[in-house]
*Asks:* 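Mind looking over this structure? Questions follow.
All values derive from a computational prediction rather than experimental measurement. Note that these values count all heavy atoms, side chains included, but never hydrogens, waters or copies made by symmetry.
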Amino acid sequence: MSGNFEGLAFSGADILLPQSCDYDKWAVVACDQYTSQPEYWSRVERYVGSAPSALRLILPESCLDGPNVETDIMEINNTMTRYLREGRFRELPNSLVYVERRLRNGKVRRGLVGKVDLEQYDYEPGAETAVRATEGTVMSRIPPRVAVRKNAPIELPHAMLLCDDRSKTVIEPLESRKERMTLLYDFDLMEDSGHVAGWLLDEESQAMVGESLKALCGPEGFRARYGQGERVVPFQFAVGDGNHSLATAKECYERQKRLTDPERWVDMPARYALCELVNLHDESLEFEPIHRVAFHVKGNDLLATLLKAFPGAHEGEGEGHVLRYVWAEGEGAVTVPHPVQHLPVGTLQGFLDAYIADHGGSVDYVHGAEVAAGLGRRSGNMAFLLEPMEKASLFPAVLRDGTLPRKTFSMGEAQDKRFYLEARKIR
């Protein structure tokens, strides 16, 4: 299959699939969800009980700062080793898995599990690699995750890569080929999180995916979508979810590279990371805005400074980036004409960062317009309500601006995030 994916940053992997266990107790949601709801993880703990589970192989983000984190990490690594020794997994060599995830709202998200080449990924702003981050990486979040991964014998992914396949040529055709594939799993997920089923791709389907991806990601396909500029450096995939997970994998790989002969880098298991590839234009993918609320600010001064910060900025809605606000004295909008940034959130975030640094106060990132507006109406606060980001603008924005401002968009609700199921050896 390697020839089918030559030149691509995504390809088949030696996938580990759990066996001799209850899948509904094995699969658990991504570790960075429900961080402020410890009762969720307590319910999962009670439901899983003593059964084999991915819960024993991950550390929920809410536990990263816990008093027993070092012991927890050691126990996770020991359990990984024990599961391998006990034959808890079966290996699917050089494989791809087609996944259909029915979300709680009834929509179906289609994906493809394989591996991403970390040599072709970089989370640094301005990176011109084949795989690019969509949001800025918070560097303080990397070291504790490295502590979890650096000695782990296996990985379980919750990272999702996005491809810009408007004509739906890569993943969607697999739906009609399921009878040719081997059904691997088909079960309901815990905590009312929908249903998931997965099929092992046959050789013909693998070849079709490879050829379709090469056509999509090749120079001609790229130029057809985005045009050709002097400073445009093509890329293949954008990270939709799990950027910090991939950044952690990248950091661990770079550490191992320093201790390894360069001739052996291509064969290092740590060079790759398991992930799920999803089409940006999948109908189930919905980008929700994340609003900004400024706390402990003087509204009149903030608005006056905003108007002075951009040439030609004016009150009211017009041509350009429209920044709508709500505060104790009402609501309104400021228009920034001829913006430098591709997205309104970029214009707003740059201003707020500078304003808070110079004038004090703080900013929080809030889901839901009603919640944000309610906070903005309180004395001393101001909320900026953002429109949903058009999915079609994501790749052009990354191409033009590099990584987008933190908290630019949310891709689905917590219960719809990827569940840990497949695994892969990284040592």
*Asks:* Which heavy atom of Leu84 sits nearest to which heavy atom of Pro153, and what is that distance?
*Replies:* CD1-CB, 4.1 Å
*Asks:* Can Glu254 and Lys250 be counted as an ion pair, charged N to O under 4.0 angstrom?
*Replies:*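 Answer for the salt bridge query: yes.
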*Asks:* Could you tell me whether Lys168 and Glu283 make a salt bridge, using a distance below 4.0 angstrom between a side-chain N and a carboxylate O?
*Replies:* yes
*Asks:* Return the CD1 to CD distance between Ile290 and Glu135, rounded to the nearest 0.5 Å.
*Replies:*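 Going from CD1 on Ile290 over to CD on Glu135, the span is 6.5 Å.
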*Asks:* Do the charged groups of Arg145 and Glu251 touch, with an N to O distance under 4.0 Å?
*Replies:*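 No salt bridge links Arg145 with Glu251.
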*Asks:* Thinking salt bridges, do Asp192 and Arg104 make one under a 4.0 Å N-O criterion?
*Replies:*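 Salt bridge present between Asp192 and Arg104.
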*Asks:* So for atom CD, which belongs to Glu390, do other residues, nucleotides or ligands contribute more than 12 heavy atoms lying within a distance under 6.0 Å?
*Replies:*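 No, because the 6.0 Å sphere around CD of Glu390 holds 12 heavy atoms or fewer from other groups.
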*Asks:* Does a side-chain N-to-carboxylate-O contact under 4.0 Å join Lys425 and Glu155?
*Replies:* no
*Asks:* Test Arg292 against every option in Val345, Leu385, Asp364 by the side-chain contact (heavy atoms from CB on, under 4.5 Å) rule and name the one that passes.
*Replies:* Val345
*Asks:* Grab the two heavy atoms, one from Pro337 and one from Pro311, that are nearest each other, plus how far apart they are.
*Replies:* CG-O, 3.8 Å
*Asks:* Quickly, which of Glu387, Glu315, Glu331 forms a salt bridge (charged side-chain N to carboxylate O under 4.0 Å, His left out) with Arg324? Name it, please.
*Replies:*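 Only match with Arg324 under salt bridge (charged side-chain N to carboxylate O under 4.0 Å, His left out): Glu387.
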*Asks:* Between Tyr47, Phe187, Phe89, which is the residue that forms a ring pair (Phe, Tyr, Trp, His ring centres under 6.0 Å) with Trp26?
*Replies:*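 Single ring pair (Phe, Tyr, Trp, His ring centres under 6.0 Å) partner of Trp26 among Tyr47, Phe187, Phe89: Phe89.
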*Asks:* One pair to check against side-chain hydrogen bond (donor to acceptor under 3.5 Å, both in side chains): Thr79 and Arg56. What are the steps and the verdict?
*Replies:* CA-CA 7 Å; Thr79 303; Arg56 310 303 173 201; over 6 Å; no
*Asks:* Determine the minimum heavy-atom distance between Leu277 and Leu162, stating which atoms define it.
*Replies:*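 Minimum heavy-atom separation between Leu277 and Leu162: CD1-C, 4.2 Å.
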*Asks:* Give the minimum heavy-atom separation between Pro18 and Leu421, together with the two atoms involved.
*Replies:*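 In terms of heavy atoms, the two residues are closest at CD-O, 3.6 Å.
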*Asks:* If you measure from the Lys or Arg side-chain nitrogens to the Asp or Glu carboxylate oxygens, is any gap between Arg271 and Asp117 under 4.0 Å?
*Replies:* yes
*Asks:* Let me confirm one number: the CD-CG distance from Gln120 to Leu8, rounded to the nearest 0.5 Å.
*Replies:* 8.0 Å
